[in-house]
Amino acid sequence: MPWRAVPTDTSATLIDGPIDDLNVMSNRTRYRHRMTRHRLTETTTLPLDADTVVIMPRGGDIEIEEVATPIGDGDTGLIDRPIIEHVNACTVHINPVRTAAVDLYFIEFWRREDAL
C-alpha cells in the first residue's frame with residue numbers, strides 16, 4: 001500500500017521561546033561569506049576586514065559608534081568598503097540600546113579575487 005498524507009491537526013511548544021532561522025546565500029563563484037551570532041550585553045568590538053558587512057539585531061536596538069547609526073530590532077544595517085575606509089576603521093563598536101541583551105547577526109562578505 002503506498003504512503004498517503006492524512007490531514008491532521010498538529011501543535012508544538014518551543015520550550016525556550018521563539019527561534020530565528022536565518023540562512024545566508026551568496027554566489028560562491030564571486031563571494032565568500034561568514035555569519036556569526038553574538039549576544040550583546042554591553043559595547044562589543046568586532047573586526048571590519050570584510051568588503052561588506054550586514055548587521056541585524058534581534059531582541060532590541062543597537063547603535064554603531066563609528067557612524068553614530070542606530071539600527072532597530074529586526075532591521076538591517078550595511079557597512080561596505082567605502083564607509084570602512086572613510087572612518088578608517090578596522091573594528092566596529094556596537095552598543096545595545098535601552099535593553100539588557102540583543103542577539104546580533106554579523107554577516108561578512110569578501111569578493112573573490114578571481115571573480116569576473
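Computed from heavy atoms alone, side chains included, the values below leave out hydrogens, waters and symmetry copies. All figures in this text were calculated on a predicted structure; none of them were measured in a lab.
For R39 and D103, the salt-bridge test passes: some basic side-chain N is under 4.0 Å from an acidic carboxylate O.
Remark: side-chain polar atoms of E66 are paired, donor with acceptor, to backbone N or O of H93 under 3.5 angstrom. In this structure, W110 contributes its side chain and R34 its backbone to no donor-acceptor pair below 3.5 Å.
Counting only heavy atoms from C-beta outward, the side chains of I94 and E65 never approach each other to under 4.5 Å. For the pair L104 and I55, the minimum side-chain heavy-atom distance is below 4.5 Å. The shortest side-chain heavy-atom distance between F106 and V92 falls under the 4.5 Å cut-off. Taking the side chain as every heavy atom from C-beta outward, T76 and V54 approach each other to under 4.5 Å. Proximity of V102 to P57: side-chain heavy atoms (C-beta onward) are separated by under 4.5 Å at one or more points. Using a 4.5 Å heavy-atom cutoff, the side chains of V97 and T99 are not in contact.
Considering CG of L48 and OG1 of T91, their distance stands at 6.5 Å, rounded to 0.5 Å. A distance of 10.5 Å separates CD1 of I79 from CD of E108, quoted to the nearest 0.5 Å. In this structure, CD1 on I64 lies 10.0 Å from CG on L46, to the nearest 0.5 angstrom.
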- Task: Might you work through the side chain to side chain contact (heavy atoms under 4.5 Å, CB included) test for I107 and L22, ending with a clear yes or no?
- Result: CA-CA 11 Å; I107 308 161; L22 178 63; 4.2 Å; yes
- Task: Step by step, work out the side-chain hydrogen bond (donor to acceptor under 3.5 Å, both in side chains) result for D80 and T52.
- Result: CA-CA 4 Å; D80 61 8; T52 300; 5.8 Å; no
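The side-chain hydrogen bond (donor to acceptor under 3.5 Å, both in side chains) search around E63 returns none, not counting sequence neighbours. Under the side-chain contact (heavy atoms from CB on, under 4.5 Å) criterion, D75 pairs with I71, sequence neighbours left out.
Residue pairs that meet the ring-ring contact (aromatic ring centres under 6.0 Å, His included) test with at least one member in residues 32-63, sequence neighbours left out, are H33-F109.
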